[in-house]
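Notes to accompany the following structure.
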Amino acid sequence: MATEQAFNEALLKLAVLMYRTDGKIRLNEQELVDLIVDDLNWQGAISVSAVQNQAVAEVREVIRADKVDAYLAGLKDALMFDKKKTLDTARQIMQSDGEEAVKERRLYDYLRQQLLV
């Protein structure tokens with residue numbers, strides 16, 4: 001069973017993936033991710049900013065290599081810790097910029113319909 005900290009780290013990686021997947025990085029999306037991070041009960045030995053920077057680098061490579069589904073699948077066990085918060089977070093980011101990008105919608109649907117069932 002995943003711990004809350006493993007969930008926090010996976011949720012942070014999901015948030016970064018959601019806002020970067022469409023290739024259009026908007027300030028309000030980054031601000032929302034910052035709010036999500038501020039709301040986490042962070043207990044990690046590594047700082048939240050270090051994990052966030054690592055997530056940005058990982059996500060950039062995952063998107064470039066077209067391995068988004070595999071990356072998300074790797075986060076599954078940790079994200080199952082709180083499925084509702086996972087889906088709420090993904091939906092918030094998807095809708096935060098006023099336009100639902102096709103890639104964001106596809107990721108959300110994959111989470112909701114296949115991964116977190």
Side-chain angles (χ1 to χ4, degrees):
M1 185 69 181
T3 64
E4 182 180 11
Q5 184 58 30
F7 170 72
N8 289 340
E9 291 177 22
L11 191 67
L12 175 55
K13 290 176 181 184
L14 170 65
V16 170
L17 180 63
M18 285 296 295
Y19 89 84
R20 295 189 72 99
T21 195
D22 65 356
K24 299 174 191 160
I25 301 162
R26 294 187 172 84
L27 183 59
N28 58 333
E29 289 174 317
Q30 287 182 297
E31 289 172 345
L32 178 57
V33 170
D34 290 342
L35 287 174
I36 290 165
V37 166
D38 289 345
D39 194 41
L40 295 175
N41 180 24
W42 197 264
Q43 301 292 320
I46 302 170
S47 74
V48 68
S49 59
V51 173
Q52 189 169 4
N53 290 338
Q54 177 190 352
V56 168
E58 283 177 9
V59 163
R60 190 178 301 128
E61 180 59 27
V62 163
I63 291 169
R64 189 196 61 70
D66 196 24
K67 304 251 187 243
V68 171
D69 288 358
Y71 183 74
L72 261 184
L75 301 176
K76 175 184 178 173
D77 289 345
L79 293 174
M80 292 292 281
F81 183 83
D82 189 340
K83 292 192 284 189
K84 182 181 181 332
K85 187 170 183 176
T86 296
L87 291 172
D88 288 349
T89 299
R91 185 175 51 254
Q92 278 183 300
I93 293 170
M94 178 177 66
Q95 296 172 343
S96 68
D97 58 5
E99 71 173 67
E100 213 173 87
V102 172
K103 290 181 178 181
E104 289 172 336
R105 169 50 75 177
R106 194 192 72 71
L107 275 182
Y108 178 77
D109 288 345
Y110 175 64
L111 271 173
R112 191 172 52 87
Q113 298 168 359
Q114 295 176 38
L115 206 60
L116 301 180
V117 289

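Not measured: the values here are computed from a predicted model.
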Is there a side-chain contact between [X] and [Y], using heavy atoms and a 4.5 Å cut-off?
X      : Y      : answer
Trp42  : Val37  : no
Arg112 : Asp109 : yes
Leu87  : Tyr108 : yes
Val62  : Arg20  : no
Leu75  : Thr86  : no
Val59  : Tyr71  : yes

### Query
How would you list, by chain and number, every residue that makes a side-chain contact (heavy atoms from CB on, under 4.5 Å) with Asp77, sequence neighbours excluded?
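Scan of Asp77 (side-chain contact (heavy atoms from CB on, under 4.5 Å), adjacent residues dropped) gives none.
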### Task
Following the transitive rule for hydrophobic clusters with a side-chain heavy-atom cut-off under 4.5 Å over Ile, Leu, Val, Met, Phe, Trp and Tyr, establish whether Leu79 and Val117 coincide in one cluster.
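Each belongs to a different hydrophobic cluster.
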### NZ/NE/NH1/NH2 to OD/OE distance under 4.0 Å, Asp69 and Arg106
yes
### Task
Would you mind checking if Arg91 and Asp88 are paired as a salt bridge, meaning a charged N to carboxylate O distance below 4.0 Å?
yes
### Message
Keeping Asp22 on the side-chain end and Glu104 on the backbone end, is there a donor-acceptor pair under 3.5 Å?
### Response
no
### Query
Looking at residues at least two apart in the chain, or sitting in another chain, which of them share a side chain to side chain donor-acceptor pair (under 3.5 Å) with Gln5?
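Gln5 satisfies side chain to side chain donor-acceptor pair (under 3.5 Å) with Glu9 only.
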### Task
Determine whether more than 12 heavy atoms belonging to other residues, nucleotides or ligands lie under 6.0 Å from atom CG of Asp38.
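Result for CG/Asp38: enclosed.
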### Message
Does Lys85, at its NZ atom, have more than 12 non-hydrogen atoms belonging to other residues, nucleotides or ligands within less than 6.0 Å?
### Response
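Result for NZ/Lys85: enclosed.
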#### Entry: With Thr89, the side chain to side chain contact (heavy atoms under 4.5 Å, CB included) member among Val33, Leu32, Leu11
Leu11
### Distance, nearest 0.5 Å, that separates CD of Gln95 from CE of Met18
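Atom-to-atom, Gln95:CD and Met18:CE are 9.5 Å apart.
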### Task
Heavy atoms only: give me the nearest Met80-Leu115 pair and the separation to one decimal.
SD-O, 4.3 Å
### Message
If you compare all heavy atoms of Leu17 against all heavy atoms of Leu72, which two are closest, and at what distance to 0.1 Å?
### Response
CD2-CG, 3.8 Å
